[in-house]
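Heads up: the structure comes next, in structure tokens.
In this text the structure is predicted, and so the values were computed from the model without any measurement.
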Amino acid sequence: MTKKKATDFKKYIKWFWGIVIGGFTSIFLLFLLASWGVFGTLPTFEELENPENNLATEIISSDGKTLGTYAYENRTPIQFKDLPKNLVQALTATEDERFYEHSGVDFKATARAIAKLGKDGGGSTITQQFAKILVHGEGSKNIVQRVLQKFQEYVIAVRLERQYTKQEILTMYLNKYDFLNQAVGIRSASRIYFGKEPNELKIEESAMLVGMLKNSSYFNPLRRKELVHNRRNVVLKQMEKNGFLTLQEKDSLQQLPLEINYTPESHSDGYATYFREYLREYLKQWVKTNPKPNGEKYNIYADGLKVYVTIDSRMQKYAEEAVKTHISNLQSYFDAEQKSNETAPFYDLEPEQIEMILTRAKKNSDRWREMKRLKTPEKEIEASFLRKRKMKIFTWKGDRDTIMTPADSIKYYKYFLHSGLMSMEPQTGHIKAWVGGINNKHFKYDHVEQGRRQVGSTFKPFVYATAINQLKLSPCDRYPIAPYTIKAGKYGNPESWTPRNSGENPLRYKGELSLKEGLANSVNTMSARLIDMVGPKNVARLAKQSLGITRTIPETPSIALGTVELSLYEMVSAYAMFANKGLRVEPMMITRIEDKNGTVLTQFTPKTQEVLSEESAYVILDLLKGVTISGSGIRLRTTYPRPDYVTGYPYGFQNPIAGKTGTTQNHTDGWFMGVVPNLATGVWTGGEDNAIHFETIGKGQGASMSLPTWAIFMRKCYEDPTLNISKEDFEKPENPISIRLDCGDVKKVDEKEIPVIKKGDTDF
């Protein structure tokens, strides 16, 4: 019996050691096979050296704010020094308490997880979680496959620990994790969920983001606020347990509600959306001529470029607010007027003409193009526009869910007035604000660079500038305001041309006015006289130089009244030339482009061209100041309300402003160009089609449609002292001015003497 017992004992010992050695051998073999890639391809050494792939191109404003990104995944990585201390503490306390003690694998935590069957977590370290993202993202649902994946994660975790510091691993993990809702990486998550940079996160905000790391799909703050709130409090409890918070601090923070400032970063969200789209097209061309050192093209969606732009985020915000404030208010007046318009929202069109416009809109729609691409019969396409469907439509009070036919939605959107604003620094050419429309999600057309409309009286300064530059005329020179005719045959005119002044009062053709008074009150007969004195060809040449275009401007007398179609982009750059002493600076939107490592790839410098003499430019500014003192821009000065004006006169500017209003035939387009010494800003407002406009010029003129937007924008800029927008007068030329400017007091327009303006009159 004793012998038998001894034999059995030895057998058990052999079995025990066989199992132990076999177990260790199996584990070693599994690790070995995992390292060889038998269970799946592992990242290469080069990939581990550079795990930050698919990096978003970041657009950075002149004041250091991120305006947006271009990306396959919206990820803009940051360094460890940019992470707040509370975020790092929350992460290690919750996900890996011994993060700074282990070498990638915490065997103690793993053993505990096995013993408790994973009820208290999987025992994965932060390094393993990062390895999991690098290797396969989500773990397999199959238990056997998941175990094999774990061995892969162990191998990669050890390799990562050998190659990187703890701080680097922690940072790379946070930069790589997908927080949902286009928030890939901690920086995007911070901006999207809280509208701030990571280093600005509060403790409770950091705790919420760390809580999402367990499973961002499940702990989605936009869908499961109560769950996310509870998970956040678990993180706060872990921070208290690990000594990062006192019990009192933990209890206080847990009582706080879950506050989200959701700020989506899609192409149609955020600030400067129209500018960002224009910039994207520019960068697509830039990459073609600026390859990488190895000859490959940069990918603007994955190579992590940093594009430093001239847009100022503060001014962009003020510009967008100004457009929204005025145009939403103006729209209410337009909508009220359309209730009595039988052909709303069109004027002066026959039913068949309206049908042509709506049919053209259908054929330009995404619905029509897509169905046409699928070779759908045209009758079926037409029928689809008559079937009601659920849709989300734009309103000034926010998007609204409704049910209507696509045909009705096309007509619905025709009712909206549109607007554009651009602002630039005359001395540098830096574009500071760019508002291409009222809502980029619903209206893609860019009214800054893409749109070209008749410019009306805003073109007249080029006529005056040509006359002053060539003939040395003085703003004080006086001419009759009587009708002026340019006979047929002259300048190639097939017929004689006699423009009218606005209004029907016969007295408007009697007496004489100075050039300053003529421009201030936008007298058409004065402009006709001047263009005849210098010739349309010279005016067109100067205008093209001022605008910076090679496109043809008709060399006909009618351009004196602004019949030419130009973009807001061109007009602002031309007006900026006057404030820059006759030197035109080509508008700049980028200062430099860097690669992901901060190496400067391209540095941009201003391109300049002398257009006018310094003296002539100063004289034009003097003329334009008269517009805001006594002419069509006087509303900027006054502070009293007036019942027939849509928003009253609340502006009360006292500083020198060079400006010009513009209104085209049937008040289809309303313009205002305003310049101070270090900022030139232009605004355009109108309907999508020329037949969409106010019935009368009272609300349809540039002084009502666009001047208020300019005024609201500038008032906001002046209220922000960090912008340093000048309130000083324009700088005089160093040399004595040979042209007489002192004409005595400019006669202000008496409102009682303003003639009645009839429909059909051109300009004001």
Side-chain angles (χ1 to χ4, degrees), residues 61-63 275 309-312 314-316 318-319 420-435 448-449 455 458-459 461-462 464-465 468-469 542-549 566-591 604-625 627-628 633 636 653 655-660 671-684 710-711 713-714 717-718 720 723-734:
S61 70
S62 62
D63 56 322
F275 170 82
V309 298
T310 60
I311 295 290
D312 186 293
R314 298 159 295 182
M315 295 175 72
Q316 181 67 33
Y318 302 151
L421 180 152
M422 177 177 145
S423 191
M424 70 174 276
E425 200 172 66
Q427 293 74 26
T428 62
H430 289 185
I431 299 172
K432 310 307 291 184
W434 178 310
V435 185
V448 168
E449 197 277 336
V455 294
T458 55
F459 191 85
F462 305 120
Y464 281 71
I468 289 169
N469 200 48
L542 178 74
K544 288 173 67 174
Q545 291 177 337
S546 303
L547 297 160
I549 62 174
L566 297 168
S567 70
L568 190 57
Y569 180 94
E570 293 163 339
M571 289 297 290
V572 173
S573 67
Y575 270 72
M577 175 270 298
F578 296 128
N580 196 34
K581 302 179 179 181
L583 192 67
R584 182 186 183 274
V585 183
E586 185 175 321
M588 279 183 62
M589 61 179 178
I590 308 174
T591 54
F604 295 82
T605 55
K607 297 178 182 178
T608 61
Q609 177 188 5
E610 185 175 352
V611 177
L612 278 178
S613 68
E614 186 177 351
E615 180 182 62
S616 297
Y618 185 79
V619 173
I620 294 300
L621 290 173
D622 187 71
L623 285 168
L624 291 171
K625 285 193 293 183
V627 174
T628 65
L636 293 174
F653 290 100
N655 56 295
I657 299 171
K660 188 72 191 77
W671 294 76
F672 184 74
M673 310 298 299
V675 184
V676 296
N678 62 349
L679 198 66
T681 306
V683 182
W684 167 87
W710 186 95
F713 168 65
M714 288 299 293
C717 288
Y718 280 132
D720 187 341
L723 293 176
N724 297 314
I725 304 302
S726 174
K727 288 188 176 181
E728 304 301 316
D729 202 350
F730 296 93
E731 185 180 349
K732 289 185 177 181
E734 292 183 4

Practice item. Take F578 and L623 through the test side-chain contact (heavy atoms from CB on, under 4.5 Å) and record every step on the way to the result. Key: CA-CA 11 Å; F578 296 128; L623 285 168; over 6 Å; no
Non-hydrogen side-chain atoms of [X] and [Y] separated by less than 4.5 Å:
| X | Y | answer |
| --- | --- | --- |
| K581 | P733 | no |
| V585 | H430 | no |
| P656 | K625 | yes |
| L583 | V611 | no |
| K732 | Y618 | yes |
| V572 | M673 | yes |
| Y464 | V619 | no |
| M588 | T605 | no |

Testing the basics here: between [X] and [Y], what is the closest heavy-atom pair and its distance to 0.1 Å?
| X | Y | value |
| --- | --- | --- |
| M424 | S573 | SD-CA, 3.7 Å |
| F653 | A711 | CZ-O, 3.5 Å |
| G659 | F672 | CA-CZ, 4.1 Å |
| N469 | S613 | OD1-OG, 3.5 Å |
| A579 | V676 | CB-O, 4.4 Å |
| A576 | P426 | O-CB, 3.4 Å |

Is a side-chain N or O of [X] found less than 3.5 angstrom from the main chain of [Y], in a donor-acceptor match?
| X | Y | value |
| --- | --- | --- |
| Y575 | A658 | no |
| T310 | I431 | yes |
| Q316 | W434 | yes |
| T681 | G674 | no |
| D312 | R314 | yes |
| S546 | L542 | yes |
| N678 | N724 | yes |
| Q427 | P677 | yes |

Spacing of [atom1] belonging to [X] relative to [atom2] belonging to [Y], to within rounding of 0.5 Å:
| X | Y | atom1 | atom2 | value |
| --- | --- | --- | --- | --- |
| L568 | L421 | CG | CG | 7.0 Å |
| I725 | E425 | CD1 | CD | 8.0 Å |
| Y569 | M422 | OH | CE | 6.0 Å |
| I311 | M589 | CD1 | CE | 10.0 Å |
| I657 | D729 | CD1 | CG | 11.0 Å |
| L679 | L723 | CG | CG | 9.0 Å |

Exercise for review: Give a yes or no on whether E586 atom CD has more than 12 heavy-atom contacts from other residues, nucleotides or ligands under 6.0 Å away.
Suggested key: yes
Practice item. Check step by step if side-chain contact (heavy atoms from CB on, under 4.5 Å) holds for F275 and V448. Key: CA-CA 9 Å; F275 170 82; V448 168; over 6 Å; no
**Study point:** Of W671, W684, F462, the residue whose pairing with V455 passes side-chain contact (heavy atoms from CB on, under 4.5 Å)
**Key:** W671
Practice item. Output yes when E610 and R584 qualify as a salt bridge under the 4.0 Å nitrogen-oxygen rule, no when they do not. Key: no
Review point. Going through the checks in order, is the side-chain contact (heavy atoms from CB on, under 4.5 Å) test met by L547 and M571?
Key: CA-CA 6 Å; L547 297 160; M571 289 297 290; 4.0 Å; yes
Point to revise | NZ or CZ of K727 within 45° of Y718 ring axis and under 6.0 Å | key: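 Satisfied, under 6.0 Å and within 45°.
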Exercise for review: Go through L636 and M714 one step at a time and tell me if the side-chain contact (heavy atoms from CB on, under 4.5 Å) criterion holds.
Suggested key: CA-CA 11 Å; L636 293 174; M714 288 299 293; over 6 Å; no
